[in-house]
Amino acid sequence: STWTVYADAPCYTRSTGTSTSAESSGVNITLSTVSGCSAIAPTVQGVTASAGGQIARNDFVIDIPSNSLGTSNSTVSMSLSTTTPRFAPNATALDSSVQRIVATDSNGQSISSLYSKATLTITYSESDLPTTGFDENNLQAGYFDETTGQWEAIASTVNTTLNTLT
């Protein structure tokens, strides 16, 4: 079977994709640096699965309800890091707002779904918004779908007084 392999990293532009097969080895993927970018170390914090908690990084806060990550008393490692915005024709991401969230359980296994909804609050600066023809009320939270290569909107509320997106 044939696969298309992509690569990305902080301060690098996502690769265009390289076709390869399961039998191939030693495939090189070239990444281009983003001019003027400097990578910021991720914020890593432990959250007790049954208790929930909060993880914050600059203008980005995740409130995790109790039992949302499970019912055990084990610690879930939460990592939050700023990442390079992905280009997609259906949306434009604000440079400073794109975050990568990674949760792993005490066995090192990735957690990809929650038992109840977490709340994300993003504080933005009006200076980050387009200056012409843009209505602040149209801001939308979303995630980048690796399969479709598109930004997918999630339910969110804009507070133009506090400059938050929740």
Side-chain angles (χ1 to χ4, degrees), residues 3 5-15 17 29 31-88 91-129 136 139-166:
W3 301 342
V5 179
Y6 298 90
D8 67 10
C11 295
Y12 289 88
T13 304
R14 183 178 190 223
S15 68
I29 298 175
L31 297 176
S32 301
T33 58
V34 175
S35 178
C37 179
S38 60
I40 299 169
T43 297
V44 179
Q45 185 175 327
V47 175
T48 302
S50 61
Q54 184 181 80
I55 183 170
R57 179 184 181 86
N58 301 328
D59 297 330
F60 195 90
V61 178
I62 306 171
D63 287 303
I64 304 162
S66 58
N67 300 318
S68 183
L69 296 166
T71 58
S72 76
N73 288 325
S74 64
T75 300
V76 172
S77 175
M78 300 286 299
S79 172
L80 183 59
S81 58
T82 303
T83 188
T84 306
R86 302 276 178 83
F87 170 77
T92 302
L94 299 178
D95 286 344
S96 61
S97 68
V98 181
Q99 301 290 314
R100 181 169 191 252
I101 305 166
V102 178
T104 52
D105 66 18
S106 58
N107 296 318
Q109 299 296 310
S110 178
I111 297 174
S112 59
S113 61
L114 302 175
Y115 293 102
S116 61
K117 294 180 181 180
T119 301
L120 308 175
T121 302
I122 303 166
T123 303
Y124 61 89
S125 170
E126 289 186 29
S127 64
D128 290 336
L129 304 177
E136 187 176 349
L139 282 173
Q140 181 67 53
Y143 66 94
F144 190 80
D145 186 318
E146 297 287 343
T147 304
T148 65
Q150 300 285 315
W151 285 99
E152 301 295 336
I154 58 175
S156 54
T157 302
V158 178
N159 182 322
T160 59
T161 303
L162 297 176
N163 288 348
T164 58
L165 187 60
T166 305

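Everything quoted here is computed from the prediction, not taken from an experiment. Basis for what follows: all heavy atoms, side chains included, without hydrogens, waters or symmetry-related copies.
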Item checked: Which atom of P65 lies closest to which atom of S116, heavy atoms considered -> CG-OG, 3.9 Å

Item checked: Side-chain touch L114/L69, heavy atoms, less than 4.5 angstrom -> yes

Notebook entry, point to check: Out of curiosity, L120 CG to I64 CD1, how far, rounded to the nearest 0.5 Å?
Noted result: 9.0 Å

Next item on the list: Decide side chain to side chain contact (heavy atoms under 4.5 Å, CB included) for L165 and T121; before the verdict, give the C-alpha distance in whole Å, the side-chain angles of both, and the deciding distance to 0.1 Å.
Entry: CA-CA 6 Å; L165 187 60; T121 302; over 6 Å; no

Notebook entry, point to check: Looking at CD1 of I55 and OG of S79, how far apart are the two atoms once the value is rounded to the nearest 0.5 Å?
Noted result: 7.0 Å

Checklist line | Test item: N67 and Y115 side chains (from C-beta on) under 4.5 Å apart, heavy atoms | finding: no

Checklist line | Steps toward side chain to side chain contact (heavy atoms under 4.5 Å, CB included) verdict (S81, T43) | finding: CA-CA 6 Å; S81 58; T43 297; over 6 Å; no

Next item on the list: Tell me, with the steps shown, if T123 and L162 meet side chain to side chain contact (heavy atoms under 4.5 Å, CB included).
Entry: CA-CA 8 Å; T123 303; L162 297 176; over 6 Å; no

Note to self: With no hydrogens and no angle check, just 3.5 Å: does a side-chain donor-acceptor pair link E136 and T160?
What the structure shows: no

Check: With distance as the sole test, does N107 use its side chain to make a donor-acceptor pair with the main-chain N or O of Q109 at under 3.5 Å?
Finding: no

Check: Between S156 and A141, is there a donor-acceptor pair closer than 3.5 Å when you use the side chain of the first and the backbone of the second?
Finding: yes

Next item on the list: Would you give the length of the straight line joining atom CD of Q45 to atom CG of L80, rounded to the nearest 0.5 angstrom?
Entry: 9.5 Å

Margin query: Nearest 0.5 angstrom please: Y12 OH to T33 OG1, how far?
Written below: 6.5 Å

Next item on the list: State, to 0.1 Å, how close I111 and T104 come at their nearest heavy-atom pair, and which atoms those are.
Entry: CD1-C, 4.2 Å

Next item on the list: For A7 and I29, work out which heavy atoms get closest and say how close.
Entry: CB-CG2, 3.8 Å

Note to self: Ignoring hydrogens, what is the shortest heavy-atom contact between M78 and A103? Give both atom names and the distance.
What the structure shows: SD-CB, 3.5 Å

Checklist line | Residues S50 and T48: side-chain donor-acceptor under 3.5 angstrom | finding: no

Margin query: Just verifying a value: how many Å separate D59 CG and D128 CG, rounded to the nearest 0.5 Å?
Written below: 9.0 Å

Next item on the list: Taking all non-hydrogen atoms of both residues into account, name the closest pair between V34 and T13 and its distance.
Entry: CG2-OG1, 3.7 Å

Checklist line | From Q99 atom CD to I122 atom CD1, the distance as rounded to the nearest 0.5 Å | finding: 7.5 Å

Check: Going through the distances and angles, do I101 and Y143 end up as a side chain to side chain contact (heavy atoms under 4.5 Å, CB included)?
Finding: CA-CA 11 Å; I101 305 166; Y143 66 94; over 6 Å; no

Check: Side chains of Q54 and D63: donor-acceptor distance under 3.5 Å anywhere?
Finding: yes

Notebook entry, point to check: Which pair of non-hydrogen atoms, one from N159 and one from Y124, has the smallest distance, and what is that distance?
Noted result: O-OH, 3.9 Å

